There are 2 protein chains.
Amino acid sequence: MAQNKVITLDKIKIACQNCGLSNICLPLGLDSDDVERLDSIVQRNRPLRRGNYLFQTGDTFKSVYVVKTGTVKTYTQCPDGSEQVIGFHLPGEVIGLDGIELRKYICSAKALETSAICEIPFGQLEELTATIPNLQHQMFRLLSREISNDTSLMTLLGKSTAEERLAAFLLSLSIRLHSRGFSATEFNLSMSRQEIGSYLGLALETVSRLFTHFQEEKILKVNRKYVEILDLEKLYNLLSQQTVCLEKLRAP
Amino acid sequence: MAQNKVITLDKIKIACQNCGLSNICLPLGLDSDDVERLDSIVQRNRPLRRGNYLFQTGDTFKSVYVVKTGTVKTYTQCPDGSEQVIGFHLPGEVIGLDGIELRKYICSAKALETSAICEIPFGQLEELTATIPNLQHQMFRLLSREISNDTSLMTLLGKSTAEERLAAFLLSLSIRLHSRGFSATEFNLSMSRQEIGSYLGLALETVSRLFTHFQEEKILKVNRKYVEILDLEKLYNLLSQQTVCLEKLRAP
DNA sequence: GAAGATCGTTGATCAAAATCAGAAATGAGG
DNA sequence: CCTCATTTCTGATTTTGATCAACGATCTTC
């Protein structure tokens, strides 16, 4: 009896209708009826453990995925075994959109920590989208956001110094974590120096040295994965000459 | 009388139904009825001259644009006046998709040579898309292609040498031109060394030296804007260790 | 066709970050 | 608790490509 009640509460809790992410996720702008229809096609499988794959390069495209909790990295792999990190994905961010065109994923996606994921079969999503104009609009917005985020990153990789890149990365994380209800100035990195370096086009040693340097400048307090931003303004100023407008650093 | 006839022929010629690009552009996969509906919302303004803007950063997002002939570059601008080139857009490629989310363009778009452009008001396109499932699907594919192209470019900018970058750029151009009916091995660059450099994250001097170097290696024959690829295989081999799969270099 | 502007090439030098190497810290597993 | 593996940090050296500088070629405009 008691157990029955608990299960019921759980069921309520994990629906889109009750998800804290609904203001940044797909349901944004939908009325409650439509959220319910969307919710009915969402699959919630068991959480991924650190190191588990969501999908791998070349897998047949079937679904898009939304991070519910945790962090997921996407990356491509070189013949020589080294990898290029494409993105780090926080709760509310959609993964797998790159697979729509060729019907297979061009990235691999791997959990950096225990992560809960919502799976949305794309065929069903497309059917639903065709009947809910607001959902179609939201899908276009999501895809467009992905494109403009990539534009920002390309600008960063195209012309910035190592210092500017790491500053931009930290600020982007700060902003995104903050808009998800976490602290903007204190967080644990779920990725390694190596992975940060790959994402930013830098060697892991350079990333490590920059953390030390930022610490000497009293901009950060760093202890391995733990980062505290002591001086947000200085961090912003490092980017002042940059095109990258901060609102676009994978916000919200 | 005679003039009247000419105008009529012209009118027939510039409709989507008769456009040679319909196999890579938005109408792909639509039946002729739907192509006609799409065509009815397409605006064809006078061609842009070299240097004319299609839109500028911050302009209110109103339409997406398809290059019909010519080349258009998109770029962002820094406070210091320097620019970061984001892309070079050939016939059949869609521009402005980055503006959907925030309702304003985050890039500027400028013609590199005389270019004919089809303008598609996005509001009308969305309405149409809601009633033509195939068009919705094609829009998703287009947006997804944009994302995967960006992924390829980020990989290129993240970990490749100058040589690999220029090789990838030339091969991408070659493939795209070829799939549009032009020669894969002989073409005129419509962009300057400076613009190529900005796009690839290199100094213009580096680009110039690489052209010379490729010429010494008998890979290219270069005369300012004119490029002839003498040894496609060597060019491919320069990328062999690369993640970037060539099919994804902004193909088709 | 001269003057000026822009663009491309080439050389010399410099600097930022990669690479190489090794030590220290942390974590996992027995 | 000890061992082994991984991650991080730091130092020394090298390399790639940026920067600075000058010149030749091409195009434009009057």
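Side chains included, hydrogens not; waters and symmetry mates left out as well; all remaining heavy atoms used. Everything numeric here is computed off the predicted structure, so don't read it as measured data. Convention: sequence-line order gives letters A, B, ...; per-chain numbering from 1.
- In this structure, Arg193(A) places its CZ atom 14 Å from C1' of dT10(D), rounding to the nearest Å.
- No engagement by Gly197(A) is indicated, since no non-hydrogen atom pair under 4.0 Å with the nucleic acid exists.
- A donor atom on one side chain and an acceptor atom on the other are found under 3.5 Å apart for His89(B) and Thr74(B).
- Heavy-atom distances under 4.0 Å link DNA chain D to no residue of residues 108-116 of chain B.
- Aromatic ring centres of Phe88(A) and Tyr199(A) lie closer together than 6.0 Å.
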Check against side chain to side chain donor-acceptor pair (under 3.5 Å), Tyr226(A) and Glu186(A) = CA-CA 8 Å; Tyr226(A) 173 80; Glu186(A) 234 177 293; 2.9 Å; yes
query = Which letters describe nucleotides 20-30 of chain D, given B = protein heavy atom under 4.0 Å from base, S = only from sugar-phosphate, - = neither?
reply = B-----S----
key: Nucleotide-level pairing of DNA chain D, given in dot-bracket where Watson-Crick and G-U pairs need both distances under 3.5 Å and | marks other strands   = ||||||||||||||||||||||||||||||
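- Contacts of Ser192(B) with the nucleic acid, taken as non-hydrogen atoms under 4.0 Å apart, involve only primed sugar atoms and P, OP1 or OP2.
- Taking the six-membered ring for Trp and thresholds of 30 and 60 degrees, Tyr65(B) and Tyr105(B) have ring planes inclined between 30 and 60 degrees apart.
- What separates NZ of Lys225(A) from C1' of dT6(D) is a distance of 10 Å, to the nearest Å.
- Side-chain contact check for Ser82(A) and Lys159(B): at least one donor-acceptor pair (N or O, by modelled atom type) lies under 3.5 Å.
- Of the charged side-chain nitrogens involved, none lies within less than 4.0 Å of a carboxylate oxygen, so that Glu217(A) and Lys234(A) do not count as a salt-bridged pair.
- With hydrogens and angles ignored, the 3.5 Å screen pairs no side-chain donor or acceptor of Arg165(B) with any backbone N or O of Leu202(B).
- Under the rule for a side chain to side chain contact (heavy atoms under 4.5 Å, CB included), the partners of Ser115(B) that lie at least two apart in sequence or sit in another chain are Val72(B), Ala111(B), Glu113(B), Ile117(B).
- Looking at residues two or more places apart in sequence or on another chain, you find a side chain to side chain donor-acceptor pair (under 3.5 Å) between Ser63(B) and Glu119(B).
- Side-chain contact, Ser183(B) with His178(B): no donor N or O sits under 3.5 Å from an acceptor N or O.
- Among the protein residues, Leu202(A) comes within range of the sugar-phosphate backbone only, with heavy atoms under 4.0 Å from sugar or phosphate atoms but none that close to a base.
- With no hydrogens or angles considered, no side-chain donor-acceptor pair links Glu195(A) and Tyr75(A) at under 3.5 Å.
- Salt-bridge check for Glu216(B) with Arg209(B): failed, with every basic side-chain N at 4.0 Å or more from each acidic carboxylate O.
- With a heavy-atom cut-off of 4.0 Å to chain B, the contacted part of DNA chain C has its first and last nucleotide at dG8(C) to dA12(C).
- Side-chain polar atoms of Arg176(A) and Ser172(A) form a donor-acceptor pair below 3.5 angstrom.
- Summarising the geometry, the separation between CE on Met191(A) and P on dT8(D) is reported as 11 Å, rounded to the nearest angstrom.
- Regarding contacts with the backbone of dT10(D), every side-chain N or O of Ser208(A) stays at 4.0 angstrom or more from both OP1 and OP2.
- Rounded to an integer number of Å, the gap from CG of Leu166(B) to C1' of dT16(D) is 16 Å.
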